[in-house]
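Hydrogens, waters and symmetry mates are skipped; everything else that's a heavy atom, side chains included, is used. Keep in mind it's a predicted model, so treat the numbers as computed, not measured.
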Amino acid sequence: MDNKTSKLLDLRKEKINELKTEGISLYPNDFKPDHRVHEVKNIIEKNADSLGENGRKFCLAGRMMAINKMGKSSFVRFQDDGEQMQVYIQKNKVGDDVYALFKKLDIGDFIGVEGPLFQTRTGEWTLLAESFKLLSKSVRPLPEKFHGIKDPEKRYRRRYLDLIMNENTRQIFKKRSAIVAAMRRFFDENGFMEVETPMMQTLPGGAEATPFKTWHNALGMELYLRIAPELYLKRLVVGGFEKVFEINRNFRNEGVSTRHNPEFTMVEFYQAYATYEDLMDLTEEMFSTIVTQIAGDSSVEYQGLTIDFSKGWKRISMIDSLSEIGGVDPAIVNDTQALLAYAEKENVQIAKKDRHGKVLTKLFDAFVEPKLIQPTFITGYPVEVSPLSRKSESDSELTDRFELFIAGREIANGFSEINDPEDQYNRFAMQVRQRDEGNDEAHIMDTEYVQALEYGMPPTAGQGIGIDRFVMLLTDAASIREVILFPHMKKA
RNA sequence: GGGCCGUUAACUCAGUUGGCAGAGUAUCUGCCUUUUAAGCAGAGAGUCGCUGGUUCGAGCCCAGCACGGCCCA
């Protein structure tokens, strides 16, 4: 459909050929605007005295978004960096030839104009064109000006049209950029160093997920797109970089949904001599700082919920949350058989091989997670679902780990790291057994990583935060696709 | 993987009981020198997602497929 020749396209191509025949340059590159539209608007707001038909002149450029032709004069609304402004073109001002050229142009074309500003009858500040130039010709017609482009499929596949037509889309991605910048600033101010670790790994580790496979021709070997940077970042801590962070893509070979894109952005960070409790404090500080910078307030509206990011978030253990929030009888949370019976009664799918900790986790996912609207740290994750987390001193079945939940979804995961190489080896071995039992997402044995730990890693805590989900919260986006410029789509 | 919904002009959308394919915007022609989704007069514009089937006749009914959206797993 996109490539079939429509009548509209044919007409445009005819007009383009006419312009070419007349010797008009369709794609010149010699025009330098001296202001952007938003700068002109600032001047209008602060310094309107200097403006007027005999006042300051401006040289501006942009894409024509609407044209009102009125015989010998015309109004053109053009757009530059998302800001719109109007220009008035009069035949007797720009000359017959230029006006004739203008009449052949289309909505969507880029133009350059120069002249003073004046106010129309309704008071709108408008540039009065003394010169007018085509800067770049569009061949395809833009979507209609009033309704814009709405079809989500078209918006994602041709995001550029979405960005041209929908100011809200522009704002989401400007905000995303500001959020990531604020996060970098926060880490920088707190003494963290940004690093980059391999996206292609020989062993995909650091998370429980199915990887994408790829192949290196020259080396003749399989590689995996990383599911997490974790094991490399901790090697850096072994190497003496004691506060590191990485903001980059992870790839997980799983379903696509409003909350999952196969490639997504995470920040992971590690701090030597810190515990998971220190990281909870740091996370509260970071989120409340960023949210205040971005939203101008410590709370935001998300899908009809008011989420308050100011510090002092609830911290509760998974076991306590099951009874206190999930409504599970506290008498049965330590009794695997009773939990299994409860799960069956409540239609929670439990696999035969699942042990106590896994059962707890599944019940938590079903009954507690959806209720965690305000930022909440859940602590005390079972050892068997936490192959990289340090065992708790008080209970060897639990780990010094937390997950952060906001608006009923997981946003972050952090823990005190295992730095005992023997413990880490045994945990990997436990994962390998799970894998043998059919859990394809269980962690694989990584002896090179264990070797790194054998050289000694300081006591360390680390954390990962899903950037896309965090951005969703701050942009009130219902789907992860609204915050990823080019979300994954099937081949059209 | 399952359920529901959608796919018609460049865009946004109508399309009745199965009976000639529609509107607004955009486009084209003419008029118009302060418009504001400008206005007036006229015109052109379609592989109704794809493939089959039912029928005298299918955008509409049936089956399969593709892509997308929402929900569930």
Determine which pairs satisfy side chain to side chain donor-acceptor pair (under 3.5 Å) with at least one residue from residues 109-122 of chain A, sequence neighbours left out, and list them in order.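 Applying side chain to side chain donor-acceptor pair (under 3.5 Å) to every pair that reaches into residues 109-122 of chain A, excluding sequence neighbours, yields A/Asp109-A/Lys137, A/Asp109-A/Ser138, A/Thr120-A/Thr122.
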Under 4.0 angstrom, heavy atoms only, what part of the nucleic acid is [X] near: base, sugar-phosphate, or nothing?
X: A/Arg12; result: nothing
X: A/Gly148; result: sugar-phosphate
X: A/Asn92; result: base
X: A/Leu8; result: base
X: A/Lys150; result: sugar-phosphate

Any side-chain donor-acceptor pair under 3.5 Å between [X] and [Y]?
X: A/Asn47; Y: A/Arg56; value: no
X: A/Gln463; Y: A/Asn413; value: no
X: A/Tyr156; Y: A/Glu482; value: yes
X: A/Glu83; Y: A/Gln79; value: no

Pairs flagged by ring pair (Phe, Tyr, Trp, His ring centres under 6.0 Å) wherever residues 470-489 of chain A is involved - sequence neighbours left out: A/Phe287-A/Phe470
How would you list all residue pairs meeting ring pair (Phe, Tyr, Trp, His ring centres under 6.0 Å) that involve residues 111-135 of chain A, not counting sequence neighbours? A/Tyr88-A/Phe118, A/Phe102-A/Phe132
A/Leu388 vs A/Arg401 side-chain heavy atoms within contact, under 4.5 Å: no
Under 4.0 angstrom between A/Lys145 side-chain N/O and B/U36 OP1 or OP2: no
OP1 or OP2 of B/U36 sitting under 4.0 Å from any side-chain N/O of A/Arg77?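 Looking at the OP1 and OP2 atoms of B/U36, neither is under 4.0 Å from any side-chain N or O of A/Arg77.
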Taking the side chain of A/Ser73 as its heavy atoms from C-beta onward, which of B/C11, B/U36, B/U33 lies nearest to it? B/U33
Contacting residues from [range], given that a heavy atom lies under 4.0 angstrom of RNA chain B:
range: residues 358-374 of chain A; answer: none
range: residues 94-105 of chain A; answer: none
range: residues 54-71 of chain A; answer: A/Asn68, A/Lys69, A/Met70, A/Gly71

Is a donor-acceptor contact shorter than 3.5 angstrom present between the side chain of A/Gln90 and the base of B/U33?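 In this structure, the two groups form a donor-acceptor pair.
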Do A/Gln86 side-chain and B/U35 base share a donor-acceptor contact under 3.5 Å?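 When only heavy-atom distances are counted, A/Gln86 does reach the base of B/U35 through a donor-acceptor pair under 3.5 Å.
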Sub-3.5 Å pairs of nitrogen or oxygen atoms, protein against nucleotides 65-67 of chain B:
unit_1	atom_1	unit_2	atom_2	d
B/C67	OP2	A/Lys490	NZ	3.2
B/C67	O3'	A/Arg157	NH2	2.9
B/C67	O2'	A/Glu153	OE1	3.3
B/C67	O2'	A/Glu153	OE2	2.2
B/C67	O2'	A/Arg157	NH2	3.2

Which helical stems does RNA chain B take part in, if a stem means at least 3 consecutive Watson-Crick or G-U pairs with both distances below 3.5 Å?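 RNA chain B stems, ordered by first number: B:1-7 with B:66-72, B:10-13 with B:22-25, B:27-31 with B:39-43, B:49-53 with B:61-65.
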Show me the donor-acceptor pairs within less than 3.5 Å that the side chains of residues 62-69 of chain A make with the rest of the protein, sequence neighbours left out.
unit_1	atom_1	unit_2	atom_2	d
A/Arg63	NH1	A/Gly108	O	3.0
A/Lys69	NZ	A/Lys103	O	2.9

Between B/G68 atom C1' and A/His488 atom NE2, what is the distance in whole Å? 13 Å
Over how many whole Å does the gap from A/Arg158 atom CZ to B/C11 atom C1' extend? 11 Å
Please table the atom pairs, donor to acceptor, closer than 3.5 Å between any side-chain atom in residues 357-366 of chain A and protein atoms at least two apart or in another chain.
unit_1	atom_1	unit_2	atom_2	d
A/Thr361	OG1	A/Gly357	O	2.7
A/Lys362	NZ	A/Asp354	OD2	2.7

Only counting residues at least two apart or in another chain, list the ones meeting salt bridge (Lys or Arg N to Asp or Glu O under 4.0 Å) with A/Arg249.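 Applying salt bridge (Lys or Arg N to Asp or Glu O under 4.0 Å) to A/Arg249 gives A/Glu263.
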Ionic contact status for A/Arg77 with A/Glu124, cut-off 4.0 Å: yes
Between protein and nucleotides 70-73 of chain B, what N or O pairs are separated by less than 3.5 Å?
unit_1	atom_1	unit_2	atom_2	d
B/C70	OP2	A/Arg481	NH1	3.0

